[in-house]
Amino acid sequence: MTRWTPAQVAGLAPDASSLAAARRLARPGPWSDTGSTDVLVWGKCQGSGKTPYQVSVDLTGPAFRCSCPSRKFPCKHGLALLLLWVDGAGSVADASEAAGFAQEWAAERSARAGAKAAGDAARPTRTPDPAAAAKRLEERLALMDGGMDDFARWLTDLARSGTASARQQSYAWWDTTAARLVDAQLPGLADDVRSVGGAVSGRPDWAERLLVALGRWWTATRAWAARESLGEAQLGDLRAYLGWTVSTESVRRADAVTDRWLVLGAHRTDDGRLQQQRTWLRGVATGETVQVLDFAAGGQVLPFARIVGSCLDATLARYPGAAVRRALFVDEPVVADDDVRMPSGASLEDARWAAAADWGLNPWARRCPVVLSDARIGLDRVVDADGASVALADDADVWSLLAVTGGRPTQLFGELEESRLRPLTVVVDGEVLGL
């Protein structure tokens with residue numbers, strides 16, 4: 001197993017404080033009984049108690065196990081152990097056999113995976129009741145029809161009163177409209193309304209943002225009314241935007257493709273109700289770029305992020321849609337020990353044309369993946385070699401971007417959202433760095 005880079009380890013940290021604590025622990029002093037094989041890294045870290053914490057990392061997941069009481073995943077000890085391993089100075093040497101506690105943990109994981117597979121195979125398949133399913137579908141469609149009709153009237157009233165009036169409205173006005181959409185089982189559209197309501201009251205470019213949103217919303221109401229004439233891909237994009245989920249089992253049985261996938265970048269968000277993790281993958285053979293979405297609500301924990309710049313041998317099943325496709329892993333991917341370069345970048349103008357083509361196919365896509373070459377990152381904008389520029393997203397980590405690039409031209413992967421760009425990955429001196 002090729003040793004990772006410090007940036008790849010940093011990308012696994014659940015927060016900045018965990019990473020800072022891990023860096024302080026990433027020295028030989030507190031560690032003993034360390035070692036590594038092709039798939040496992042292990043060691044014991046002396047904490048405040050008499051007994052050192054036993055730390056194990058499965059590189060193929062990656063997956064972590066630590067005997068400390070921390071509720072963070074991975075904890076600072078797991079991250080520190082990986083940083084020591086990455087350093088390659090001999091603190092974590094190669095070994096032919098894993099330590100006993102690491103072997104036991106790996107065996108337990110393998111046994112659980114086997115038991116789950118056996119249980120899934122033995123579990124009886126329930127035969128759905130077609131009549132009950134048809135009745136539920138009819139009731140939902142009736143609710144959605146009513147909600148979309150009500151929303152279309154709200155849009156008409158807003159257009160008649162003028163978009164300037166929206167600026168004077170309180171956030172409760174937007175939230176009330178969103179709540180009615182949730183009641184009509186249109187949660188995706190409701191989230192978009194809340195997001196735009198916040199932008200109208202707080203962003204200087206609110207007028208442009210609102211005008212684009214009005215076009216997107218009206219297009220959704222007209223498309224829903226004409227849904228019987230839509231193709232499967234168009235209907236899939238519309239359903240995804242409105243928040244009508246598709247079961248993962250039906251996706252797995254449909255449109256799947258096997259390839260070697262390069263992890264282009266990843267981004268996490270947390271709105272207080274729901275955590276989301278977006279992972280962008282590009283097929284080496286197919287050249288297709290897809291996003292894998294993971295969610296966690298309440299006390300749930302998001303899965304570990306994939307290592308940016310790594311390659312995964314995997315079969316992905318794609319959700320119905322025409323552009324900016326979502327996908328899921330059919331089986332657990334296998335990390336490939338290959339050096340695959342990031343795709344060649346384009347100018348900002350070319351990237352905008354590509355994004356416009358995606359939005360032409362799917363006007364409800366929230367963001368489009370772009371790769372830029374020779375891009376310079378400033379305090380609030382990204383500028384390409386031709387002098388074209390785009391504003392940075394509000395949540396872009398500007399200081400980290402400036403620190404790693406030093407203002408020099410760099411290859412960059414990011415998400416283009418309307419008129420703003422969120423950089424997720426940069427290539428500096430040949431090294432792929434996730435942000």
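When a residue number appears, it is its place in the shown sequence, counting from 1.
- Residues L40 and S56 fail the side-chain proximity criterion, which asks for heavy atoms closer than 4.5 Å.
- Heavy-atom neighbours of R140 CZ from other residues, nucleotides or ligands within 6.0 Å: above the threshold of 12.
- Under the 6.0 Å distance and 45° angle rule, R282 does not count as a cation-pi partner of W280.
- Nearest heavy atom pair, residue K72 against residue P14, reads CB-CG, 4.2 Å.
- Screening L433, L372, V432 against V426 for a side chain to side chain contact (heavy atoms under 4.5 Å, CB included) leaves a single residue, L433.
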*Test side chain to side chain contact (heavy atoms under 4.5 Å, CB included) on L82 and L59 and set out the steps.*
CA-CA 10 Å; L82 280 184; L59 300 171; 3.9 Å; yes
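- Cation-pi check for R209 over W206 is not met; the charged atom does not lie both under 6.0 angstrom from the ring centroid and within 45 degrees of its normal.
- Rounded to the nearest 0.5 Å, atoms CG (D313) and CZ (R260) are 4.0 Å apart.
- With sequence neighbours excluded, no residue forms a ring-ring contact (aromatic ring centres under 6.0 Å, His included) with Y319.
- The CG atom of D394 sits 5.5 Å away from the CZ atom of R203 when rounded to the nearest 0.5 Å.
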*Go through F64 and L81 one step at a time and tell me if the side chain to side chain contact (heavy atoms under 4.5 Å, CB included) criterion holds.*
CA-CA 11 Å; F64 294 79; L81 177 61; over 6 Å; no
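- Distance check: H77 NE2 to S67 OG gives 8.5 Å after rounding to the nearest 0.5 Å.
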*In sequence, state the C-alpha distance, the side-chain angles, and the governing distance for R252 and E249, and then conclude on salt bridge (charged side-chain N to carboxylate O under 4.0 Å, His left out).*
CA-CA 5 Å; R252 285 193 176 95; E249 288 307 313; 3.2 Å; yes
*Begin from the C-alpha positions of D192 and S195 and carry the test side chain to side chain donor-acceptor pair (under 3.5 Å) through to its verdict.*
CA-CA 5 Å; D192 196 15; S195 175; 5.0 Å; no
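- The side-chain heavy atoms of W217 and V193, taken from C-beta on, include a pair separated by under 4.5 Å.
- The shortest distance between side-chain heavy atoms of S165 and L158 falls below 4.5 Å.
- Cation-pi geometry between R306 and F329 is met: under 6.0 angstrom from the ring centre, within 45 degrees of the axis.
- The neighbour count for W173 CH2, taken as heavy atoms of other residues, nucleotides or ligands under 6.0 Å away, is above 12.
- Counting only heavy atoms from C-beta outward, the side chains of R326 and V251 never approach each other to under 4.5 Å.
- Q275 contributes atom CD, which lies 11.0 Å from atom CG of D294 (distance to the nearest 0.5 angstrom).
- Between R325 and the options T289, D255, D237, N362, a side chain to side chain donor-acceptor pair (under 3.5 Å) holds for only D255.
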*Can you list the steps and then say if L12 with I307 is a side chain to side chain contact (heavy atoms under 4.5 Å, CB included)?*
CA-CA 8 Å; L12 299 174; I307 305 300; 3.6 Å; yes
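- Using a 4.5 Å cut-off on side-chain heavy atoms (C-beta onward), L210 and V196 make contact.
- Look at R136 and E139 and you find no salt bridge, because none of the NZ, NE, NH1 or NH2 atoms lies under 4.0 Å from a carboxylate O.
- A side-chain N or O of T177 and one of W154 form a donor-acceptor pair less than 3.5 Å apart.
- Rounding to the nearest 0.5 angstrom, the gap separating the CZ atom in R180 from the CG atom in L189 is 11.5 Å.
- In this structure the side chain of V390 reaches within 4.5 angstrom of the side chain of R352, judged on heavy atoms.
- With no hydrogens or angles considered, a side-chain donor-acceptor pair links R268 and Q277 at under 3.5 Å.
- In this structure, the separation between CZ on R422 and OG1 on T269 is 8.5 Å, given to the nearest 0.5 Å.
- The shortest distance between side-chain heavy atoms of D191 and R194 falls below 4.5 Å.
- S389 and R381 share a donor-acceptor pair across their side chains, judged by distance under 3.5 Å alone.
- Counting non-hydrogen atoms of other residues, nucleotides and ligands closer than 6.0 Å to CD of E232 gives a total of 12 or fewer.
- Between E108 and R65 there is no salt bridge, since none of the side-chain N atoms of the basic residue sits less than 4.0 Å from a carboxylate O of the acidic one.
- A 6.0 Å sphere centred on CD of Q169 holds more than 12 heavy atoms belonging to other residues, nucleotides or ligands.
- By the 4.5 Å heavy-atom criterion applied to side chains, F413 and P369 are counted as neighbours.
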